[in-house]
Each structure stands twice: as structure tokens, then as C-alpha cells.
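Worksheet: one structure, shown below.
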Amino acid sequence: MFQTVLLSLTEGFGKTLEIFALTLLGALPLGLIIAFGSMNRFKIISWPVKLIIWVIRGTPLMLQLIIIYYGPGLILGNNWWGSGASGRFTAAMIAFIFNYACYFSEIYRGGIEGVPKGQREAGQVLGMTNTQIFFRVTLLQVVKRIIPPIGNEVITLVKDTSLARIISVYEIIWNGQAFIKSQGLIWPLFFTGLYYLLFSGALTLLLGWVEKKLDYFKV
Amino acid sequence: MALLEVKDLRKNFDSLQVLKGVSFEMDQGETVSIIGPSGGGKTTLLRCLNFLEIPSAGSIRVKGETLFDSADRRGLSEREIRQNRLHFGLVFQNFNLFPQYTALGNVSLAPRLQAKERPDFKARRKEIFDQIEEHSIELLRRVGLGDKLNYYPHQLSGGQQQRVAIARALALTPDVLFFDEPTSALDPELTGEVLNVIRQLAREKMTMVVVTHEMSFAEAVSDQVLFIDGGVIAEQGPPARVLRAPLEERTRQFLRGYEK
Ligand SMILES: Nc1ncnc2c1ncn2[C@@H]1O[C@H](COP(=O)(O)OP(=O)(O)OP(=O)(O)O)[C@@H](O)[C@H]1O
Ligand SMILES: [Mg+2]
């Protein structure tokens, strides 16, 4: 029995990892684009972007998952996502990526705006180009500033992946819960906690290591 | 011919006129001090000369070459602005060192980037970088930091940081070096070491413009003093005259604040 449970949970955790990795892969770059949008000096661009960020950050991810998955079917009368598991997964990924991109964008914006204006100007009077200033002066300072808040979001994401369950994506909690109905077993659900703990523990160590690597200078 | 000629320089921020026509000249090897009350436009003048702000009107000439002339309607390209900046160096009030580079890294960064534009860079890369490093170390020695080459800015005192900033500004061998209140952000006991470096540069005939509130320093080091008030040069002349026997009532009033 233990082996069956372990197999099923590990398979579910595979899905959890997939949600986690794809979300970061999509949201980290998309967040940067959104950040530049929200900092654009033309209000016609920055205002709509800020509005979207406000809506996404102001509503639960669970609700966004439901709306993105069921919305097209209810409003447009046809379900874009198809009825299968792959359709549900795609919808979930879009919701996750967009949601996390909005959080990341605010962190990026804070990181970029937090670099003192004098750093840029010091580069300018030394005849550096804008590209040189960005890569040689600003970037590492931004990275150092944003690693801790990005790390917090990443750890939150580990646990947020379980929300995909709401539109029947078979991640680890779903698989754990299934044993209640089929076998009357509750412990497999409790056991899923161990997976989360080990994974977030490993990430915490990794993030701590990166922070330490950037400890040689102060901003 | 004057090394630097500034003619009728004006700068507005929207409707606020900050510089209302500033003209002065200086020769090679001269040190000019700029004094004046807060808000008079001293920083704005330095920022315009370093093209951190684009002047609204007027002209700037170095060694007879026109860097900026508002009569020329064409405007400056990004590249021209960058080229223009290389004639000048600027030392900021709060140093603005790059925190992720060592003292040596701060001094050598811009020269290394400049070197990439040299036609012989690819063939002589190593040799060029060695030369730059040697020159940067030499500059740090000159400002008394030969033993701090590999220190990061946060490991240095304010006075040491400012001296690194001076070495960094010298690394591209500017025609004129500008200082904007280089000791204002320092504890009083650290101002001396920075002023001594500037004094030494003056003796070596570096061409410099120093905005300062240190009147005795200005008197000792400069060939000319400009008193800037309300966006114009209200008085200018040799330090002994401007500081000891000013002709203008507002200069007198300003200097009274420094008597004790
Ligand atoms: N970017 C800007 N936008 C609008 N106004 C500005 C800007 N920069 C400077 N000013 C204004 O220009 C005036 C002159 O400022 P500036 O900093 O040149 O004075 P200063 O002589 O250097 O004064 P201080 O001795 O306090 O450093 C001030 O009234 C200031 O508010
Ligand atoms: Mg000023």
C-alpha cells in the first residue's frame, strides 16, 4: 500500500513541479515586460498596465483560475481549452504565469527604481552608453535588491501550485486526496506536506546561497 | 585662446528659469571656484556642462571646438553627447561609486569600455587592459589609496570614497574636471584629505571648476572665483578681491554668513 501511495504522490508531485517550473519560466521574463510597461513615461501605456496589475494582485489566484478556465465557455459559448486534462493544464498555466508575472513586475519595478539616479549619471559622465550602464552598473544592483522578495514569491509559488486542483489539474494534493474516496485513507493527504517541506527547504537553501554570493558588496 | 568658453548659458525647467545667461572663460591649468547661495543654479550649471541636462540656450566651447550651440538647430545625437562628455569629468557630492566594483574596478571600468572602440583593440587586448590597470593604480596612488586597490566602496570611509571618485574622473584624462561640493557629504574631519587632493591637482595644473562652501580653500586654491546667485554670475574676479573686497552688495551679504 505504502508503495502505491508513494508512486501516486510522486507522480502528482511531478505535475506540481511542472506547474512550478513553467510558471517561473514564463512569469520571470513576462514580469520584466510588464514592469517596463508600468514604468513607461506615456500614460496611455502605463495606466492600463497598472490597472491590470491592480486587478490581478487584488483578486485571488483561485478565482482567476476559475474565470480563465470557465470564462470563455460561459461568455463566448465555446470552451477554448477543450475538455481534456491538457486543456485544463494550459488554462492553469496561463493563470499562474499571468498572476506571478504581475507580482514579479512590481518587484522588478521596485528594484529598478531603487537604484539611485546618481549611479546612472556617474556612468553617463564617464561616457558610457545606455546599454553599458544597464549591464555594467545597474543590473547587478537590481538583482541583489530583488533576490530576497523574488525568493519569497518563489516559495509561495511552491504552495500555490496546489490551487490548480480547483480546475482538476492532477497535482500532488489531488492525488493524495483521491485515496480518501477510493481507499478511505487520510494519511496520504497529510503525507503530501512532506514533499512541499523538502522542496521549499531545498529552495530556501539555494536562495540563501545566491544571496551569500552577492554579499561582497552593499547597495 | 581660452580652454573653456561658456556663453550666455540658459536653462529652464518648464517655466522655471534656473540659469539666466551664464558666461565665463577659463584657461588651461586654471582653477575656478564657484560660490553662492543654495538654489542659485551652481549644480545646474555643472550638470549642463556635463550634458546631464541639455541647456535651453547658449554655447559651450572647449579648445575652440563647439560642443553645444543653441543657434545650431540640429540638436545633439546620443553619440555626440557621449563624445562631448569625454571632455569633462564630474565629481559628485555623494561620490556615486559603483558598489559592486573595487576601488580599482571603479577607476578602470570606463577606460576599459572606451578601449573596446579602439581599432587595434582585438589585436592588443591584453596589452591595452594591462596599460589601463597600470594607469588606474597610478591614479589611486596619487590620491593616496595605493593600499586600498581591492577594497569595495562600503569598506572605505567617505573621504576615501571621494578620493576614489576623483581618481575615476581622472582616468579618462578630461580637459576640465568639475567638482560639485566634493566635501559637503563628509564629516568635518574627513574634508581635509579630499581638499588636499584637489590642492595637489591644482599645483599640477589640472584645469578644474570647484563648487564649494569652503571659503578659505577657495581663496587658497583658485585663480578666479565666480559668485552665482539667482541664475547669473553676480560677481567674478580673483579670489582675494571677490572674497575679501566684494563690489556687489549681495556678495557681501552672502559672505557675511561665513564670517565668524
Ligand atoms: N530637474 C529639475 N527640475 C526642476 N527644477 C529643478 C531641477 N533641478 C534643479 N531645479 C531647481 O533649480 C534651482 C537651482 O538648483 P541648483 O541645484 O542648481 O542650485 P545650487 O546652486 O546647486 O544649490 P545648492 O547650493 O543647494 O546645491 C532650484 O530652485 C531647484 O529647485
Ligand atoms: Mg548644488
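Bear in mind that the values here come from a model prediction, so they are computed numbers and not experimental data.
Within the 4.5 Å cutoff, the side chain of B/L52 has heavy atoms near those of the A/V125 side chain. Counting only heavy atoms from C-beta outward, the side chains of A/M128 and B/L109 approach each other to under 4.5 Å. Side-chain contact between A/E121 and B/R47 is present, with at least one heavy-atom pair separated by less than 4.5 Å. Put simply, the side chain of A/Q141 reaches to within 4.5 Å of the side chain of B/P99, judged on heavy atoms.
Neither the backbone nor the side chain of B/Q155 has a heavy atom closer than 4.5 Å to any heavy atom of chain A. Only the side chain of A/Q132 comes within contact range of chain B, judged by heavy atoms closer than 4.5 Å. Proximity to chain A (any heavy atom under 4.5 Å) is restricted, for B/E78, to the side chain, taken from C-beta onward. Heavy-atom distances place the side chain of B/L86, and not its backbone, under 4.5 Å from chain A.
Few gaps surround CD on A/E211; more than 12 heavy atoms of other groups in view lie less than 6.0 Å from it. Around atom NZ of B/K63, no more than 12 heavy atoms belonging to other residues, nucleotides or ligands sit under 6.0 Å away. Atom CH2 of A/W54 has 12 or fewer heavy atoms from other residues, nucleotides or ligands within 6.0 Å. Around atom CD of A/E11, no more than 12 heavy atoms belonging to other residues, nucleotides or ligands sit under 6.0 Å away. More than 12 heavy-atom neighbours from other residues, nucleotides or ligands sit within 6.0 angstrom of CG on A/L194. Applying the 6.0 Å contact sphere to OH of A/Y196 captures more than 12 heavy atoms from other residues, nucleotides or ligands.
Interface summary for chain A: among B/Y152, B/F92, B/F88, B/F98, the most heavy-atom pairs under 4.5 angstrom belong to B/F98. Between chain B and the options A/L140, A/L214, A/V137, heavy-atom pairs under 4.5 Å are most frequent for A/V137.
Looking at every heavy atom in both residues, A/Y216 comes nearest to B/H154 through O-CE1, 3.2 Å. Minimum heavy-atom separation, B/L97 to A/Q119: O-NE2, 2.8 Å. Residues B/N96 and A/A122 share a closest heavy-atom pair of O-CB, 3.6 Å. Of all heavy-atom pairs between A/L126 and B/Q114, the closest is O-NE2, 4.2 Å.
No donor-acceptor pair closer than 3.5 Å links the side chain of A/Q124 to the backbone N or O of B/F51.
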